[in-house]
Amino acid sequence: MPTHSEILNATPIAADAVVAQARSMFDQGYRLVTMSVVDLGDGNVDIFYHYDLDNEMTHFRLTHPKDQPVPSISPVYFAALLVENESRDHFNLKFDGLVLDFNRTLYLDDEITSTISAPFCKISTIQKKD
Amino acid sequence: MGLLENWINKGRLKSPWVVHFDCGSCNGCDIEVLACLTPVFDVERFGIINVGNPKHADVLLVTGTVNHRNKKVLKNIYDQMPDPKAVIAIGACGTSGGVFRECYNVVGGVDQVIPVDVYVPGCPAKPDAIIDGVVTALDVVKAKLGLGEMPKVTVID
Amino acid sequence: MYMLSNVLRNIMGKYSTRLYPFETRPAYEGFRGKLVNNIHDCIFCKSCQIKCPSQCITVDPKEGKWDCDPFACVYCSVCVDACPTHCLSMENQHRKPAPSKFVVSLQGTPRKSKKADKSAEKPAEAAAPEA
Amino acid sequence: MSRTIIPFGPQHPVLPEPLHLKLVVEDETIVEAVPALGYVHRGLETLASIRDYNQMVYIVERVCGICSCIHAMCYCQGLETMMNVEVPSRAKYLRVIWSELHRIHSHLLWLGLFADGFGFESLFMQFWKIRERVMDINEATAGNRVVISVNVVGGVRRDLDKTQQRWILDELDKLEKELRQLMKTMLDDYTVKKRTVGVGVLTAQQALQLGAVGPTLRGSGVAQDARQLGYAAFDELDFEPVTSPEGDSWARSKVRFMETLQSMDIVRQAISRLPDTELAAKVPGKPTGEVVCRVEQPRGELLYYLKGNGSKNMERVRIRTPTFANIPPLLAMLPGAQLADVPIAALTIDPCISCTER
Amino acid sequence: MLTFIAALIGLALTPVVGGLLAGVDRRVTARLQSRFGPPILQPFYDVLKLLGKAPMVVNSWQVMSAYIYVMSSALAVLLFFMQGDLLLLFFVMTIGAVFQVVGALSVPSPYAQVGAQRELLQMLAYEPLIIVVFVGISMATGSFKIADVYAMEKPLLLSMPFLFIALGYALTIKLRKSPFDISACHHAHQELVRGVLTEYSGPHLALLEIGHWFDVVLILGLCSLFWHTSIVGMVALLVVTYAAEILIDNICARMTWPWMLKNVLGVGLVLSVFNLLWLYVS
Amino acid sequence: MQSVSGDVHPEVSRLSFVLCYEVRMLDTLVFGSVVFPLLAALAVYFVRGDAARNIIVPVSVAITAAAALGLAGLGSFSYSPQAILGISLNGLITVLDFALLGFIFLIALRMGNLLIMGLTVLQVLGMVYLDFFLMDHGTQVTGFYADSLSLTMVLIISIVGGLICFYGLGYMKEHEEHLHLAKSRQPRFFFFMLLFLGAMNGLVLANNLSWMYFFWEVTTLCSFMLIGHDGTDEAKTNATRALWMNMAGGVAFVAALMFLQKSMGTLSVQDILAKSAAPGMKTAALLLPMAFLCFAGFTKAAQVPFQSWLCGAMVAPTPVSALLHSSTMVKAGVYLVIRMAPAYQGTMLSAAVAIFGAFTFIATSALAVGQSNGKKVLAYSTIANLGLIIACAGINTSAAIAAAVMLIIFHAISKGLLFLCVGAIEQKIGSRDIEAMRGLFKVMPRTAVITVIGIVTMMLPPFGMLLAKWMALESAATATAAMPPLVIMLALGSALTVLFWARWAGVMLGSTVPGENPPSEHQPFTVRLPLLLLAGGAVGLSLLSPFVYSMLVAPATALYAKATAYTVSMGVFENNAGVFAVYPLFLLLGVGFVYALRAAKKVGPEAASLPYMGGSQKVVDGKIGFNGPMNGFVETAAGNYYMESLFGESKLSKSINVIAIVLLAVMLGGVL
Ligand code: SF4
Ligand code: SF4
Ligand code: SF4
Ligand code: SF4
Ligand code: SF4
Ligand code: SF4
Ligand code: SF4
Ligand code: SF4
């Protein structure tokens with residue numbers, strides 16, 4: 001039953017299965033809604049893959065070390081390009097096989113990347129401006 | 001030359017062409033700026049045209065917060081406006097950074113990068129306020145030309 | 001071509017421009033305009049400061065000072081809803097543009113009562129905004 | 001073949017927002033389009049760590065001013081699910097009314113900008129003229145023309161009294177009449193069709209694969225609309241997603257035009273059925289857990305991923321806005337298009353960079 | 001000598017008339033859009049203000065081109081008032097058009113460059129039409145001299161209505177009005193940020209604006225030749241023509257240059273041939 | 001008219017002295033312009049060595065030019081040298097004719113090109129038939145005849161052509177350095193260049209059509225040799241194409257000779273023209289050979305569908321292209337068409353010629369729009385202008401002929417100038433592509449400005465080309481033969497020319513700092529002198545156009561119609577159809593221009609600003625660009641629209657050729 005807001009129920013997935021999974025979702029006609037990244041604070045991040053077919057969502061959860069490259073699904077879903085680059089900016093994650101890698105310049109300029117290594121990480125503090 | 005000078009000054013007060021730059025605005029202020037051009041507010045009454053090109057503009061309308069990427073653009077645009085020129089910062093974001101001023105990628109208000117002549121508060125500033133802002137800017141210009149007094153700041157009235 | 005009837009109707013009829021600022025129409029009652037504080041009724045309880053999403057109010061119970069940065073305020077009226085004494089209110093006129101920025105700084109009588117002192121001593125949870 | 005490289009933006013009169021495209025054209029045919037973003041990026045999702053979950057309502061409203069109310073609504077609905085709050089039904093109906101009014105003003109705004117995109121100034125002016133009716137309704141009922149701040153977690157902050165309801169219905173009737181007068185020009189005019197038909201074509205399959213949402217998706221004939229999910233009071237109201245199968249710019253403009261009329265109808269339905277209950281429910285405790293929620297914005301499906309950790313600050317607020325999803329389709333539309341069609345193609349996804357970059 | 005002095009006076013009045021026309025145009029346009037609109041004198045305020053701005057240019061050729069543009073437009077108007085040769089007057093006007101393009105092309109600005117290319121295509125569209133209209137006039141009067149038009153007994157419009165329509169196309173393009181505001185336009189809500197005019201600013205932009213006024217008056221002057229027999233008829237014709245231009249501007253989307261070339265050259269030339277054959281036969 | 005007489009009366013003898021003197025003078029001058037270049041050519045060929053060549057070429061072109069001026073000073077004449085060094089000239093030329101054809105046949109044989117062989121054989125057969133069966137050898141035909149049309153041509157050929165040869169000295173030196181040739185081929189090059197000049201002079205002065213034919217074939221041979229000069233495969237193919245197309249024209253020429261000899265009984269141009277003026281003469285018997293002559297002229301003038309040989313000629317070193325395009329080869333074609341114009345005046349043939357010329361004008365102008373190769377633009381524009389000249393000849397009123405002659409003069413100067421400019425640019429920047437010339441002002445300020453002057457003189461008033469175009473358009477519109485299609489073609493064509501010239505001029509001036517003085521540019525003397533003289537000539541002669549008209553053009557048109565084309569007073573051209581005020585225009589535009597220049601100078605670097613780039617403009621290493629995706633610098637680039645899909649050669653050529661062939665067929669068929 002499709003619903004507009006749901007307590008997240010995501011199937012865990014392993015890093016090496018992500019691309020194959022994406023391919024199979026693509027073939028079944030799923031639309032990639034987006035990916036979400038959360039810093040878990042213990043050196044890992046949760047990466048969620050949200051898919052949709054006829055308004056019904058399917059989620060996958062990849063728990064992954066922050067400092068290791070994540071397989072990119074952008075060769076399968078071109079649309080993943082933006083969100084993966086965004087995560088690259090925000091969490092300093094690296095993606096393997098990203099079709100167009102902005103290399104942390106999608107949103108950020110040197111002023112930020114040289115002073116904060118990853119603005120969306122848990123223990124980073126928001127920079128105060130006076 | 002006196003007469004021509006007078007005419008030119010008159011022109012300056014009656015033909016403030018604007019260029020609008022959206023530094024990171026939430027669009028709230030943007031669409032209100034745009035609304036000013038449309039029939040119900042129609043700032044063309046004051047000779048205002050949105051020229052869209054800094055080289056043709058006399059007044060720079062800035063909405064939104066300045067961030068690290070657009071601050072260079074803002075400066076570039078300001079530099080490409082021929083003198084005399086004025087800057088109006090619109091909305092909480094443009095004047096101070098608004099709700100976003102503590103975000104990591106936000107530099108703050110427009111005055112962090114270029115001199116600002118008029119601050120228009122509001123979130124968003126409604127078209128009436130923007131019109132007031134332009135009128136105030138014209139008063140500022142007038143004062144700078146030595147033709148009038150600087151508009152007063154009313155904190156509490 | 002379909003536009004022809006429309007533009008002709010426009011030119012026959014009256015323009016729809018409101019001639020602001022030469023003519024003003026009465027403001028809507030509920031408009032969230034200028035934020036004002038009837039400082040005499042303020043108890044410096046800091047509710048407004050704490051609730052404000054833009055963190056633009058600074059209340060100093062000791063000095064009896066209530067400061068608000070009208071250029072950082074987003075006119076959401078959360079503070080108005082939060083104010084226990086209803087000394088905060090919003091006019092239905094927008095705040096006028098100004099050639100320079102300032103902070104609205106109101107001086108009231110600091111409350112001497114114990115309760116007020118106590119609440120004032122509670123550490124402020126969010127940082128004060130720029131002055 | 002000689003190439004021209006055009007920096008389209010970040011400051012550009014047809015794009016009120018700072019999107020930047022590096023366009024490579026040969027005799028005005030686009031051979032390459034590379035986007036550059038980041039001119040609006042504020043990083044407001046990080047504000048969750050220093051603002052409490054109630055204050056975040058007013059911050060997410062400012063992700064984008066155009067459909068501010070719908071952002072707040074989505075965020076509140078997510079939190080209500082997470083915290084298990086039952087929202088009073090009058091609040092649900094009021095949410096429908098204000099969000100549909102937002103859709104109307106957003107679509108009218110878009111129709112105007114689109115008209116300006118193909119250089120039809122008077123049409124632009126007409127759409128913006130009639131749009132002021134909705135802006136007045138917002139101002140009178142919610143206290144602000146654009147960022148209306150009516151949603152809170154648990155319900156709404158303002159009510160509509162009977163006179164206001166009647167006035168809204170009156171204004172909508174006038175608006176509908178004025179809008180219908182523009183319908184032929186927008187959808188049938190020779191010059192307009194010359195500029196929109198066949199421009200930026202996206203097939204249904206392409207649209208789905210590229211992740212298009214909203215009118216961009218429905219303009220390719222896919223009947224998907226998050227309102228079908230029945231949030232707020234939509235499960236009790238009658239409507240069908242508007243679609244058009246052509247997949248070109250004309251189809252997308254038709255979808256938006258028809259949706260504007262549809263939204264008026266929804267508002268009328270909601271007003272006629274407005275139940276008499278409280279406006280907001282009490283919200284006990286602090287949020288914990290993970291929630292994903294979606295609503296339909298004027299530009300399409302919006303998704304929030306929220307994670308609470310039991311404190312008053314949210315652990316993570318992740319916002320996937322419709323324009324974010326519609327940019328890949330845009331990039332796919334551009335190569336091969338004419339330079340003059342770039343504003344048209346770009347506008348048909350109704351880009352909102354502010355929410356794309358947050 | 002007397003004609004020369006009269007022509008000089010006419011020349012001096014041209015920018016005044018051009019500016020007023022632009023002012024009325026803007027006011028009427030505003031009203032068509034249900035707006036209040038600017039003061040009638042607005043174009044003069046604009047130009048005065050521009051004259052008072054600090055110069056800002058990318059290179060010197062721009063400046064030179066701006067001056068040459070105004071000069072040649074003024075010269076063309078002078079030739080018109082001197083009742084000179086139509087074709088010559090047109091060639092003189094071309095100098096200005098060409099230099100406008102040269103000025104834009106000399107700047108490494110993508111917008112000016114694209115604008116210049118489109119301006120050239122616009123010239124390609126309207127130049128043949130104007131020449132053909134002149135040929136039509138010469139077939140009717142036996143010469144290209146304006147003086148000979150005035151010697152005619154019947155208004156030209158009666159014998160060359162289709163050529164008048166062709167001239168209308170040229171007028172719309174020259175006025176930079178929809179659907180032909182392709183290379184540059186009065187505001188900047190278009191993809192080219194004013195195209196050929198992008199890189200001009202301040203006093204030089206003012207010059208181009210004044211030059212534009214000359215051009216507009218000149219082409220309207222050419223239209224007036226179609227009803228030279230009575231002042232009333234002439235004025236009426238001009239008012240109707242200009243009103244039609246404003247209306248067309250407000251009921252059309254901007255088109256693209258391929259459409260323009262196809263349509264203007266296709267329809268315009270077919271109309272012209274038809275009219276020329278008609279003149280040839282009669 | 002002078003003729004040699006042997007009287008004794010003192011008065012007469014004084015007169016005869018004067019005459020003799022003049023005749024001797026004439027002898028010398030004709031010799032100087034026709035035979036002397038050949039001798040000089042032989043000299044350069046045999047006296048090898050740079051130093052010698054560097055003296056022989058300038059001196060000989062100076063002598064030829066002086067001879068041309070001298071001839072022009074003498075005015076019209078007719079002159080019939082009977083023998084040279086005791087050999088009958090008629091006989092000599094006949095012998096040389098066959099030798100030439102034989103030589104061409106040998107060339108064709110070596111290439112194994114059956115087409116050229118066939119065309120040569122046809123000509124040989126025709127000439128044999130003409131010389132041995134048709135010709136009445138008793139009748140005396142005046143060998144040379146010059147009126148102001150021929151004299152104008154002689155001036156152009158000798159002066160413009162001479163300057164081009166002079167320019168060639170420096171150019172070829174550098175050209176060969178680029179090619180790293182073991183053995184200089186310059187002697188051969190200049191041999192043909194100089195021979196070309198002589199042959200051209202002979203061609204335009206010849207009154208006897210069979211002599212003209214001889215010179216005609218010499219130019220064909222020279223062009224073949226020069227186009228193929230570099231010896232590359234492309235050069236060879238293109239040279240071969242030039243050869244067969246011109247030989248086809250030659251066949252038509254021979255055919256015309258046979259028909260004329262048969263129907264008119266003479267090959268004297270003068271006689272033919274005189275006879276044709278009689279009423280009732282303009283029958284197929286006259287018009288058919290005229291049509292053939294026109295056809296020959298079209299091939300030589302590279303009119304559609306023969307445009308490809310001239311475009312192919314672009315592979316040759318630039319002086320060759322300059323020479324072929326501006327002053328020689330192609331002008332021979334239009335010269336012939338104009339020369340014969342009175343003979344077919346007022347006939348359908350004339351109308352057909354007009355339509356054909358106008359079609360070439362519009363077709364090749366459109367082709368030029370699609371080209372980014374500068375030399376090709378020049379080539380197509382040449383063909384277009386020749387088309388316009390031919391259209392004028394076809395319109396065939398005195399004003400139209402005046403237009404044609406004016407076009408010949410001013411086109412030769414401006415086009416010669418432009419070719420030399422492109423050559424100089426190409427040697428410096430290594431490209432002849434217009435896109436590569438963007439911002440040339442920053443690299444070669446002087447050449448860039450001169451090129452722009454050249455372009456402006458091609459397209460804008462008050463310069464001579466435009467004066468001529470004005471005459472052409474007005475005469476087209478007011479001629480009785482005015483047909484709407486003709487006028488519309490001319491109008492469209494002229495709009496197209498504005499398009500491709502304006503953008504070329506614009507891109508070259510690209511620069512980025514106001515008041516900037518780019519580093520001054522070194523121009524070798526062999527470049528600078530011709531450029532300055534030609535640019536000066538283009539501007540100066542335009543200023544003097546009223547004189548040019550009354551001294552050279554008006555007398556030439558007088559032959560064609562009784563009515564004078566234009567009255568010129570105080571520098572104002574006027575006739576019934578219109579007025580063109582040269583002096584007032586020059587004055588006002590000149591003052592305005594000077595004022596504009598001064599205003600431009602006044603704006604200094606302090607007003608500098610970068611171009612508008614949406615606010616992201618940036619300069620890195622002196623390059624202008626913007627901050628693009630990934631925070632990276634993107635240098636701006638701009639390209640003209642060549643609109644391959646509308647104006648591309650591959651797109652248009654086929655249909656143009658088909659239409660042209662149909663038009664030619666109609667023209668030839670219409671005569672019968
Ligand atoms: S922000 Fe802090 S926690 Fe996050 S990656 Fe950088 S150092 Fe590590
Ligand atoms: S001031 Fe408010 S409405 Fe304006 S841009 Fe900022 S957040 Fe948006
Ligand atoms: S009672 Fe205490 S906590 Fe409540 S509002 Fe007053 S001061 Fe604040
Ligand atoms: S209105 Fe909102 S932003 Fe302004 S002070 Fe009150 S709570 Fe803060
Ligand atoms: S909430 Fe009201 S009473 Fe309390 S400090 Fe603020 S203004 Fe004063
Ligand atoms: S950009 Fe789109 S999604 Fe974002 S707030 Fe605006 S309208 Fe809503
Ligand atoms: S789509 Fe975005 S940029 Fe365009 S008008 Fe709407 S808010 Fe502004
Ligand atoms: S297209 Fe836009 S900018 Fe240009 S004239 Fe029309 S309305 Fe003005």
Mind checking side chain to side chain donor-acceptor pair (under 3.5 Å) for D:Arg256 and listing every partner two or more places apart, or none if nothing turns up?
-> none
Sequence neighbours excluded, which residues qualify as side-chain contact (heavy atoms from CB on, under 4.5 Å) partners of E:Arg31?
-> C:Ile11, C:Tyr15, E:Arg27, E:Phe36
In Å and rounded to the nearest 0.5 Å, what is the CZ to CG distance from E:Arg118 to D:Leu339?
-> 5.5 Å
E:Leu32, E:Thr29, E:Asn250 screened by side chain to side chain contact (heavy atoms under 4.5 Å, CB included) with D:Ser122, the one that passes | E:Asn250
With E:Pro110, the side chain to side chain contact (heavy atoms under 4.5 Å, CB included) member among D:Ile6, D:Leu23, D:Ile5 = D:Ile6
Applying side-chain contact (heavy atoms from CB on, under 4.5 Å) to D:Ser244 and not counting sequence neighbours gives D:Glu246, D:Trp250, D:Ala251, D:Lys254, D:Val255
Contact listing (chain E partner; residues 185-197 of chain D; heavy atom under 4.5 Å) | D:Asp189, D:Tyr190, D:Thr191, D:Val192, D:Lys194, D:Arg195
Judged by atom type as modelled, is there a donor-acceptor pair below 3.5 Å linking the side chain of E:Gln33 to the main-chain atoms of D:Gln126?
-> no
Top contributor to chain D interface from E:Ser109, E:Ser34, E:Cys252 [non-hydrogen pairs under 4.5 Å] | E:Cys252
